[in-house]
There are 2 protein chains.
Amino acid sequence: MQRGSFQWMKSLNKSIILNKIRSEGSISRAQIAKETQLTPPTVGTIVKELLEQGLIKESQLGISQGGRKPTLLVLNTSGFHIIGIDAGPSDVQFVISDLSGGKIVDELEKPVEFGIDEENFLQMLVSGVENLIHRNTSLKFIGIGVAMHGVVDSEQGISVFAPNLNLRNMNIKSVLETSFEMVVKVENDAKALALGEAWFQNQTANTSMIAVNVGRGIGAGLVINGKLYSGEHGIAGEVGHMTIDIHGKTCTCGNDGCLQTVASGPAIAEKAMEMIDKGYQTQLTNYNGELTAEMIYLAAVEGDRLAKDLLEEAGTYLGIALTNLIHVCNPSTIIIGGGVSKAGDFILKPIVNTIRKRAISEKAQATPVYVSSLGDYGSALGAVALILSDIFEPMGDRDCPI
Amino acid sequence: MQRGSFQWMKSLNKSIILNKIRSEGSISRAQIAKETQLTPPTVGTIVKELLEQGLIKESQLGISQGGRKPTLLVLNTSGFHIIGIDAGPSDVQFVISDLSGGKIVDELEKPVEFGIDEENFLQMLVSGVENLIHRNTSLKFIGIGVAMHGVVDSEQGISVFAPNLNLRNMNIKSVLETSFEMVVKVENDAKALALGEAWFQNQTANTSMIAVNVGRGIGAGLVINGKLYSGEHGIAGEVGHMTIDIHGKTCTCGNDGCLQTVASGPAIAEKAMEMIDKGYQTQLTNYNGELTAEMIYLAAVEGDRLAKDLLEEAGTYLGIALTNLIHVCNPSTIIIGGGVSKAGDFILKPIVNTIRKRAISEKAQATPVYVSSLGDYGSALGAVALILSDIFEPMGDRDCPI
DNA sequence: TATACTTAGTAAAGTATATTAAGAAAGTTG
DNA sequence: CAACTTTCTTAATATACTTTACTAAGTATA
């Protein structure tokens, strides 16, 4: 365990103050002292250091409470920037975010050629980051966060296995760190999404929430007490393979009745094709080639009965799985992200209704479920949050990247 | 968040040293300094205080490493004692444990009369503790831990609802604290069991493990990074109502296919009666009145085919549910406790086999599953652990109960 | 045995950092 | 404009870790 030392005590207080400024938006030294139990002189000296580091700045004067006007402190959001990478199966999104995460300064998207090998994939990541940096030479960068699909060893920063690309054991952290000499964090995309949601939305740090990424697969990230929870071997959150119907369809993993066999994008599309083959009337009938979940959503918008029913069914299954999650983890909030979440209310309503019906306590039934508000930037901003959460964490014995 | 202060720094280091002594059994000052990164003088002064408080004591000299022999420090296990209460639906167990939790100094069991009301229940708890204290006047007690079945508000120390006794909103903490003037902690029994297992077995504090209590109901306690995790409303761990077969039997909660409908003690007994009614040959046939899971276990020991099959089936269902838990939480260890766990290998083997077969990664498949080694004292010692984990935690601004 | 070397533990001085006390700055209010 | 508030800073103080130096108690070797 981390021992208590002067250094550590100071870094802890520094982080408390920095987080206070971040979560409040703007706040005076005096107010920080009141709310954090720290004394005014302590706050003063630490604030001075943060100003010198350029992490915060003084903004205008606040309104007087009957005496001298307080000098409000705010995050110096444009003082440093972070690169976030969302490495999906078909394309890679690069973004530059400011310190608040609220402003995306620049972005870049690169397609991933099918059949790409490990070396070229890594090279593509490097050149993408190079591009962005060269386009924004005036900015100071403090780190690169990577949200990678598939199995990730986040401690080592290695992409262990990316199933859709069939790539294995890519040491992303090492490659980017040697190329750019800044902090690099790599995490599974669903986990990054979860952290991003916890970080950017739910400002209160001590929350426990779950973000579920519903796309080709179904993965979840657990944020417990404000921190990403990975489990013993880093595989916590594999909800796609949660059994909810032991007599159900066989999954790619070999088991029967995994959530993924009934609620993932491909599963919805497959079910649609089955129904069409059975002769159901629907405007989806004349699909050519592969039918996708997105096409089904579009049909639902246009009022297609089958499409709406299919989404409702998938939502109900998701609701059952989420109720299981609530019973096990009892999170304060659940966020739905990923491709299927674009179906909006078509999928959200049955989810919520199912939870209302099945959860065993009133409070559990009322667990709020939202669609991710970060939209297409969800995982990329989650990657940014990997770096941010590190900066805003007590440094302890680590050396500060700034 | 807890601010960094001198007091806090010291209490943190004190707790680090105390835990080191506990987890190592016996260790010298010099060795503590090496392993904790603290300097020898710091260790020296803090050890002095711990000796004065009576929490630790010097034992014999260790073997020389080429110089002066080290003085070994050990926990002063008999210096203080803790009262643990396991309040089950049919009886209440009171124990006195020493500081190590390894020695039960005295114990007492009281039956719970059916139809007892709130006031009498609380009075019974008080008189039980009084009895134990009066029988052991020479001991110094530092706290009372209560493992209560049913829904518990552990922050307030209130038994919100005890279904089997139909008791509501009993403020156990308040009553015991005013009667005995010591720290009182109240927690759900499955959660207490989990903490006890983590505390007494798996010495390493940073572990994440799950203890599942399989009895009349099925509940679990999650220990994450050495701490009990309760979730947003304190209902985390309600695995009994995890849906694993959406087309299964209807549960008391109103949903279909809860784990509890196939793997709890009553569920196993009910299934046995069904099979008997269908005419299956078994030595269980001539049961009179109520058939219980325990009778089925005894029949299995004697080789009864049906009994063995029923336990195997329940184990398989439990295995599926535990695999779900592994996929979500990825714990380092799973512990099975409660009445059904007494069926030993009859239930453990199918559980382990199912996990081996269904989990999606090799490491997950290898998740160790044990039957609780604390036996009948599981929940009572878990209650003791509620107090112990508090003592061994950094005190921060709290005042030390010693 | 005597000397040199190790390791364990302690005492004294030094240092980092929070806290207390006091003061300066910049307001508001009557 | 005097008196009072509130904000922030400066100077002195207190706490608890660290560094340095030393004592205690052993082992190894000549």
Starting at atom CZ of A/Arg29, determine the distance to atom P of D/dT7, rounded to an integer number of angstrom.
-> 12 Å
Any B/Lys34 side-chain nitrogen or oxygen under 4.0 Å from OP1 or OP2 of C/dA8 = yes
Please determine which of B/Val74, B/Asn76, B/Leu75, B/Leu73 meets the side-chain contact (heavy atoms from CB on, under 4.5 Å) test together with B/Ser59.
-> B/Val74
Let me know the distance between NZ of A/Lys48 and C1' of C/dA18, rounded to the nearest Å.
-> 16 Å
Report the residue (B/Lys69 or B/Gln37) whose heavy-atom-nearest nucleotide on DNA chain D is the more 5′ of the two.
-> B/Gln37
B/Ile32 CD1 to C/dA8 C1', in whole Å, measures 12 Å
Euclidean distance, atom NZ of residue B/Lys14 to atom C1' of D/dT15 [Å, nearest integer] = 14 Å
Atom CD of B/Glu49 to atom C1' of D/dA16: distance rounded to whole Å?
-> 10 Å
Straight-line distance of A/Ser100 OG to A/Trp199 CH2, nearest 0.5 Å = 11.5 Å
Report yes if a donor N or O on one partner sits less than 3.5 Å from an acceptor N or O on the other, where the partners are the side chain of B/Arg68 and the base of C/dA8; otherwise report no.
-> yes
Between A/Asn13 and C/dT17, is there a side-chain N or O to OP1/OP2 distance below 4.0 Å?
-> no
OP1, OP2 of C/dG27 versus side-chain N and O of A/Ser64: anything below 4.0 Å?
-> no
Output, in order, the C-alpha distance, side-chain angles, deciding distance and verdict of side-chain contact (heavy atoms from CB on, under 4.5 Å) for B/Tyr229 and B/Val223.
-> CA-CA 6 Å; B/Tyr229 173 72; B/Val223 175; over 6 Å; no
Is any side-chain nitrogen or oxygen of A/Thr71 closer than 4.0 Å to OP1 or OP2 of D/dC8?
-> yes
For C/dA18, does either OP1 or OP2 sit under 4.0 Å from a side-chain N or O belonging to B/Ser5?
-> no
Contact class for A/Ser28 (heavy atom, under 4.0 Å): base, sugar-phosphate, or nothing?
-> sugar-phosphate
If each of A/Gln65 and A/Leu38 is mapped to the nucleotide of DNA chain C with the nearest heavy atom, which maps nearer the 5' terminus, i.e. the 5' end?
-> A/Leu38
Can you tell me the pairing partner of D/dA30 across any strand shown, Watson-Crick or G-U wobble, with both distances under 3.5 angstrom?
-> C/dT1
